[in-house]
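This structure is a prediction, so every number in the text was calculated from the model and none was measured. Throughout, residue positions are numbered sequentially from 1 according to the sequence presented. Worth knowing before you read on, the calculation uses all heavy atoms, side chains too, and leaves out hydrogens, waters and symmetry mates.
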Amino acid sequence: MDNEREIMSQNDEVEELLNIFLEEAKDLLDAIAVTLQLWSSDLNNKSCFSDLKRDLHTLKGGARMVNQPQLSALAHELESLCEALLAVV
């Protein structure tokens, strides 16, 4: 019986973590969209790359916490692309 309660408690924690991640991911994706729009109007704006990199880094970490390796890998690749672009702008 205690084992069942522990499993249920762990499931509740995982679900809560996932819900928090989804809410944060939505906010991050909204911020990324705004930053990309801002950057498209000023391609030399280096602060856009820094903002994108920070948001993608946060998304990557959150995805890892909720065991979403594909999303984490995608965010990592995009973060690396921002670093490369920042180096040439």
Side-chain angles (χ1 to χ4, degrees):
M1 191 69 157
D2 285 337
N3 197 21
E4 279 183 37
R5 285 187 199 151
E6 186 176 317
I7 291 171
M8 288 177 66
S9 176
Q10 288 175 350
N11 287 342
D12 289 344
E13 289 174 10
V14 168
E15 185 176 341
E16 183 178 349
L17 243 165
L18 184 58
N19 287 333
I20 291 168
F21 167 74
L22 290 173
E23 187 175 316
E24 182 179 71
K26 182 189 178 312
D27 291 343
L28 288 167
L29 292 172
D30 289 344
I32 288 168
V34 168
T35 302
L36 286 172
Q37 192 170 26
L38 179 63
W39 177 57
S40 71
S41 67
D42 180 6
L43 297 177
N44 294 316
N45 187 340
K46 289 186 177 189
S47 70
C48 288
F49 289 111
S50 298
D51 293 345
L52 285 171
K53 188 178 161 208
R54 183 189 64 245
D55 289 340
L56 289 165
H57 183 79
T58 302
L59 183 63
K60 175 182 70 175
R64 284 183 180 165
M65 285 182 60
V66 295
N67 196 27
Q68 295 298 313
Q70 295 90 352
L71 180 56
S72 178
L74 175 61
H76 177 73
E77 290 299 320
L78 293 170
E79 182 184 11
S80 296
L81 179 60
C82 285
E83 288 175 4
L85 288 171
L86 188 56
V88 296
V89 172

Practice problem: Report whether Leu28 and Leu36 are members of the same hydrophobic cluster (ILVMFWY, side-chain heavy atoms less than 4.5 Å apart, transitive linking). | Solution: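 In one cluster: yes.
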
Quiz item: Would Leu38 and Leu56 show up in the same hydrophobic cluster when neighbours are defined by side-chain heavy atoms closer than 4.5 Å?
Solution: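 Cluster IDs for Leu38 and Leu56 differ.
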
Quiz item: How far apart are the closest heavy atoms of Ser72 and Ala63, and which atoms are they?
Solution: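 In this case the closest contact between Ser72 and Ala63 is N-CB, 3.7 Å.
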
Nearest-0.5 Å distance, [atom1] of residue [X] to [atom2] of residue [Y]:
X     : Y     : atom1 : atom2 : result
Asp55 : Leu78 : CG    : CG    : 12.0 Å
Leu52 : Leu81 : CG    : CG    : 9.5 Å
Glu77 : Cys82 : CD    : SG    : 11.5 Å
Leu85 : Trp39 : CG    : CH2   : 6.0 Å
Thr35 : Arg54 : OG1   : CZ    : 7.5 Å
Arg64 : Leu71 : CZ    : CG    : 11.0 Å

Quiz item: Side chains of Leu59 and Glu79: closer than 4.5 Å at any heavy-atom pair?
Solution: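 Not in contact.
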
Self-check item: Sole residue of Ile20, Asp12, Asn19 in side-chain contact (heavy atoms from CB on, under 4.5 Å) with Glu16
Solution: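 Exactly one pass, corresponding to Ile20.
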
